[in-house]
Number of protein chains: 2
Amino acid sequence: MKQIIIKFGILALLFSALIALSEFSIATKSYYTEFLIAISALGLLALGFSLKSYVVTRSSILKDDFTPDKHKLKMLQISAREYEVLQKVAEGYSNLQIAEALFVSENTIKTHVSNIYSKLNVKRRTEAIKQAKEYGLLKQ
Amino acid sequence: MKQIIIKFGILALLFSALIALSEFSIATKSYYTEFLIAISALGLLALGFSLKSYVVTRSSILKDDFTPDKHKLKMLQISAREYEVLQKVAEGYSNLQIAEALFVSENTIKTHVSNIYSKLNVKRRTEAIKQAKEYGLLKQ
DNA sequence: TTGGGGCTCATACTAAAGTATGAATTATAA
DNA sequence: TTATAATTCATACTTTAGTATGAGCCCCAA
């Protein structure tokens with residue numbers, strides 16, 4: 001935020017310099033005037049360029065707000081519980097670890113995982129992870 | 001590429017317009033001159049902004065050229081062959097499939113995979129995939 | 001109130017994955 | 001030339017993963 005204020009300060013300075021130059025160009029018709037205007041123009045270009053850089057950087061930093069493609073989840077008929085299990089699978093947990101985390105039996109997790117596979121049309125958890133990410137169900 | 005040429009064309013036009021204005025301001029000291037200079041300045045700012053947008057878009061499109069963190073690979077002492085196997089693992093292939101793809105036995109792949117695990121300090125392939133991505137060894 | 005979906009769980013499997021150990025071969029760096 | 005690392009493979013395991021089937025429970029909509 002401090003950066004953007006400084007940049008706008010520079011913008012204001014350059015801008016009034018341009019105005020001043022236009023007045024100055026009336027009095028002294030020197031060759032330097034056009035040169036200075038050119039410099040100002042380039043400065044403004046660079047300023048616009050860097051402002052966009054700032055905006056881009058900001059937005060990419062804040063782009064951690066992942067939300068799964070709920071439309072795709074409904075399309076594939078993946079239930080809330082199944083999705084929960086899918087997330088754990090993608091985090092590298094074993095069926096037993098997931099079972100303990102969700103307070104259910106390992107058999108239950110196996111059932112969920114198997115159902116997820118048939119819905120994603122895959123045969124292994126590594127495939128499921130890859131497919132789910134391609135579908136936008138999990139963050140890359 | 002066509003776009004960037006058009007943008008530079010607009011830049012050139014605006015630029016000569018600025019020059020012309022500076023000449024014009026000598027002859028007719030009208031109030032519109034400063035206004036026109038202001039417009040030109042804003043135009044240049046916008047141009048710089050959009051140029052950066054173009055550059056960003058280009059680079060993000062071309063950002064598919066992933067290169068693994070070779071320094072990290074050396075640090076972890078992961079060999080070329082092991083890395084090759086790791087990539088296949090991340091693509092969701094089974095040990096047997098990887099073996100067939102690389103024309104070696106499944107036992108060989110198991111050995112490689114086991115060695116990869118100890119180097120990445122994990123116990124499962126799903127964990128290995130996650131860890132490798134965090135280390136910058138595989139593209140997200 | 002009946003039927004379907006979602007969640008749970010069990011049993012009984014088969015199939016992969018993963019570990020441990022030892023060893024042969026080849027290339028390569030000291 | 002001699003260690004050293006990389007690659008290959010085997011045997012013999014143990015452990016997870018995954019499949020198939022059946023079933024009980026709960027909730028909600030028809």
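A, B, ... follow the sequence lines: proteins, then strands. Residue 1 opens every chain.
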* Structure fact -> Note: A/Glu127 and B/Gly92 closest approach over all heavy atoms is CG-O, 3.4 Å

* With a cut-off of 6.0 Å (strictly less than), are more than 12 heavy atoms of other residues, nucleotides or ligands near NZ of A/Lys133? -> yes

* Expressed in angstrom and rounded to an integer, what is the separation of A/Tyr117 atom OH from D/dA20 atom P? -> 14 Å

* Would you indicate, yes or no, if D/dA17 has its OP1 or OP2 atom less than 4.0 angstrom from a side-chain nitrogen or oxygen of A/Arg124? => no

* Counting any heavy atom closer than 4.0 Å, what does A/Ser105 reach on the DNA or RNA strands: base, sugar-phosphate only, or nothing? -> sugar-phosphate

* Would you mind reading off the distance between A/Arg125 atom CZ and D/dT19 atom C1', rounded to a whole angstrom? => 14 Å

* Structure fact -> note: A/Ile98, atom CD1; D/dA17, atom C1'; distance rounded to Å ~ 11 Å

* To do: Compare side-chain N and O positions of B/Arg81 against OP1 and OP2 of D/dT8 and report whether any pair is under 4.0 Å apart.
  => yes

* Toward the 5' end of DNA chain D, by each residue's nearest nucleotide, B/Lys119 or B/Phe103 -> B/Lys119

* Structure fact -> Ranking D/dA17, C/dC9, C/dG18 by distance to the side chain of A/Lys110, first place goes to D/dA17

* Structure fact -> From CG of A/Leu96 across to C1' of C/dA17 the rounded distance in Å is 16 Å

* Asked: Do you know which of B/Gln87, B/His112, B/Lys119 makes side chain to side chain donor-acceptor pair (under 3.5 Å) with B/Glu82?
  -> B/Lys119

* Asked: Within the structure, does a side-chain N or O atom of A/His112 lie under 4.0 Å from either OP1 or OP2 of C/dC7?
  -> no

* Side-chain N,O (B/Thr111) to OP1/OP2 (D/dT8) below 4.0 Å -> no

* To do: Looking at every strand, decide which applies to A/Thr108 at a 4.0 Å heavy-atom threshold: base, sugar-phosphate, or nothing.
  => base

* Asked: Closer than 4.0 Å, any side-chain N/O of B/Asn95 to the OP1 or OP2 of C/dA16?
  -> no

* **Sugar-phosphate only, base, or nothing, as touched by A/Ser94 at under 4.0 Å among non-hydrogen atoms** => sugar-phosphate

* Between B/Asn115 and B/Arg81, a side-chain donor and acceptor under 3.5 Å -> no

* To do: To the nearest Å, give me how far apart CD1 (A/Ile116) and P (C/dG6) are.
  => 13 Å

* Asked: What is the distance from CG of B/Leu102 to P of D/dA6, rounded to the nearest Å?
  -> 17 Å

* Asked: Does B/Ser114 place a side-chain N or O at less than 4.0 Å from the phosphate oxygens OP1/OP2 of C/dT19?
  -> yes

* Integer-rounded Å distance: C/dA12 P and A/Asn107 CG -> 12 Å

* To do: Test A/Val85 against every option in A/Thr108, A/Leu102, A/Asn95, A/Ile78 by the side-chain contact (heavy atoms from CB on, under 4.5 Å) rule and name the one that passes.
  => A/Leu102

* To do: Write down the distance between NZ (A/Lys74) and P (C/dG6), rounded to a whole number of angstrom.
  => 12 Å

